[in-house]
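For reference, the structure discussed in these notes is given below.
Letters go in sequence order (proteins before strands), and every chain restarts at 1. Below, each value reflects all heavy atoms present in this structure, side chains not excepted, and no hydrogens, waters or symmetry copies.
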Amino acid sequence: MSKRFYVTTAIDYVNGQPHLGHAYEKVITDVIARSHRAMGEETFFLTGTDEHGQKVQQAALAAGKTPQEYCDELAAIWQALAGRLGLSNDDFIRTTDPRHEAIIQAILAKLEQNGDFYQAPYHGYYSAKEETFLTEKDRREDGTFDPMWGPVTELVEENYYFRMGRHQQWLIDHLEANPDFVAPSYRRNEVLGFLRNNTLEDLCITRPKERLSWGIPLPFAPDYITYVWFDALVNYASLPGLRGDPVVIEALGPWLPQDGAFAPNPDLQLWPADIHVIGKDILKFHAVYWPIMLKAMGLPLPRQVLAHGWWQKDDERMSKTTGNVVDPIAVIEEWGLDAFRYYVTRELDIGPDGNWTDAGFAARYHAELANGLGNLVNRSLSMLNRYRQGIVPPPHDELRADVTSAVATVEGLLRGHSLQAALIAIWRLIDRVNQYVDQTAPFKLAKDAAQAGRLDEVLYNLAESCRILAVLLWPFLPETAGKIFAQLGLADTPDRWELSQWGGLAAGHQANKPVPLFPRRDQPAA
RNA sequence: GCCAGAGUAGCUCAGUGGUAGAGCAGGGGACUCAUAAGCCCUUGGUCGGCGGUUCAAAUCCGUCCUCUGGCACCA
């Protein structure tokens, strides 16, 4: 079996509530995963939760629970979110999975043996009140720290460091030789600019156990706990490893537990990842630290780090304190899952920041989903039922060229992960088919018995266009695509690109009666 | 402060030397299968300011203004 297309989201820190940004990242990654699957690639889509760290430790303590109990409860919330978003993820990694921890320890042991680590004092400003180190960025202009931190003292503690400096040049070379390694291109430029103009400092990768106990101990120094880098980031490779990915198993072989738990599985070739979908805030970790870590581990680099932007609400940063937030679950409950998936993918291209407005959401819902797509399917099937009792006439090719051309365009855009552009192209086809209804006026043809043959032709073109639209929409709107197939009386699922071939509807096929896909919400039901 | 990017119709944006474009919103019309949806037509801009190069500049150059992003241990 060949290597699968492997796509990931960032894993989310459990000590927080899911918000629009999380939901957005997962939806666009799901669209990418579904489109690759539809086009016949074996695909693996991974998401998950980051569960270690001091904040989780403290929150668990405050809640009177063990950290593991606390994480189990929160991980369930995040997994439920994945379900509510209709994600087609193939697995869900939790960094508290003992197998993940075993792989982390194998990696740490290997790098220690290779001389990638060293011990040194860590100097920092420490807030005892918040039990955290502060950075220069936390200083105010006059050099003092915000009173929220309480008394701030300068503290020195021993820690382990990861040597990064020696990796600077090849990483620059790699970015120059692989223009798609970081996307969009302006993010790549930022990373290159950073690498060219700064000297990489070594990375502090531990915290002393007395300060951070909820995490993975260094196998060669159990009084130290791995800090986030060699824990959370590694999930992308540890999940393949714990499921037997041969590349990961081979790189870590001698350092893994030799009890047979990590037997290679040649049928699951995942690493290297094809795309890491992340937010722009964690670009540097993924485009600088992570490749260097992988190189040290002896693993190939991912093919692409794709950084998306952030959402604002009404041109202002979303903030819990002001209540200026979009709750994705509430939107889905009010408008439906596919309406949510459509808006976030259509409104915002992957890269720039976006702005959520409730008015914009309602406008797209009505203009594009209800009046455009929904009404087209409804009027097409309504006429097929009214004039032909829902029985599909013989195939006819009048719209074949338009549809085939749109399919090719959408396919190319999906392969390039231009999701917004793909939706725009799909809607151009919807507009074209709506235009066709007016140009051919089947409702007039139906009044003249002599035009029965022409009416058959038009009705076939409409029904077949709707069928193919379902296939194109599947990656974005899986519920809706399924409903269109169901209304057409098709038992199949529109999850394969080959179904977008013109002429799939057979003469004599019995379609069902239409039900509005996206009921209008701005007027009382008639 | 330094580096990068952007400023074009009410809104979102395309357009990189040759008579200003799209979608949405706004206005008008004909139709009626359909979720009072759809279709056709249409109003609307001294292309951020100033100066320069050119027969010709939204497009190239200079300068100024405004905004955005980045400037390492941030989940």
Going by salt bridge (Lys or Arg N to Asp or Glu O under 4.0 Å), name the residues that satisfy it together with [X], two or more places apart in sequence or in a different chain.
X	value
A/Arg187	A/Glu190
A/Glu398	A/Arg454
A/Lys55	none
A/Glu368	A/Arg364

Discussion item. Tell me which pairs pass side chain to side chain donor-acceptor pair (under 3.5 Å) where either residue lies in residues 382-393 of chain A, with sequence neighbours left out.
Written reply: A/Arg388-A/Asp456
Worksheet item: Does A/Trp78 have its ring centroid less than 6.0 Å away from the ring centroid of A/Phe92?
Response: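 They do not qualify: ring centres at least 6.0 Å apart.
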Practice prompt. Quick one: list whatever passes side-chain hydrogen bond (donor to acceptor under 3.5 Å, both in side chains) with A/Asp314, sequence neighbours left out.
Written response: none
Discussion item. Suppose we screen for side-chain hydrogen bond (donor to acceptor under 3.5 Å, both in side chains). Which residues come up paired with A/Tyr24, at least two apart in sequence or across chains?
Written reply: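 For A/Tyr24 there are no side-chain hydrogen bond (donor to acceptor under 3.5 Å, both in side chains) partners, ignoring immediate neighbours.
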Worksheet item: Looking at residues 168-176 of chain A, who's got a heavy atom less than 4.0 Å off RNA chain B?
Response: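 Those residues: none at all.
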Worksheet item: Of all of residues 193-201 of chain A, which get a heavy atom below 4.0 angstrom from RNA chain B, listed by number?
Response: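 Output list: A/Phe194, A/Thr199, A/Leu200, A/Glu201.
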Pair partner, [N] [Watson-Crick or wobble, under 3.5 Å]:
N	value
B/C50	B/G62
B/U16	none
B/G5	B/C67
B/C39	B/G29
B/C24	B/G10

Practice prompt. May I ask you to say what A/Asn434 touches in the nucleic acid, namely base, sugar-phosphate or nothing, with a heavy-atom cut-off under 4.0 Å?
Written response: sugar-phosphate
Discussion item. Categorize A/Ile424 for me: base, sugar-phosphate, or nothing, with a 4.0 angstrom heavy-atom threshold over every strand shown.
Written reply: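 Contact class for A/Ile424: none.
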So which protein N/O to nucleotides 66-69 of chain B N/O distances come out below 3.5 Å?
{"from": "B/G69", "atom 1": "O2'", "to": "A/Arg187", "atom 2": "NH1", "distance (Å)": "3.0"}
{"from": "B/G69", "atom 1": "O2'", "to": "A/Glu190", "atom 2": "OE2", "distance (Å)": "2.9"}

Worksheet item: Under the ring pair (Phe, Tyr, Trp, His ring centres under 6.0 Å) test, which residues partner A/Phe230, sequence neighbours left out?
Response: A/Phe117, A/Phe162
Practice prompt. Apply ring pair (Phe, Tyr, Trp, His ring centres under 6.0 Å) to A/Trp335 and list each qualifying residue two or more places apart in sequence or on a separate chain.
Written response: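 Partners of A/Trp335 by the ring pair (Phe, Tyr, Trp, His ring centres under 6.0 Å) criterion, ordered by chain and then number, come out as A/Phe361, A/Tyr365.
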Item to complete: Using the closest heavy atom to pick a nucleotide of RNA chain B for each, name whichever of A/Cys204 or A/Leu373 lands nearer the 5' end.
Response: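 Mapping each residue to its closest nucleotide by heavy atoms, the 5'-most match is A/Leu373.
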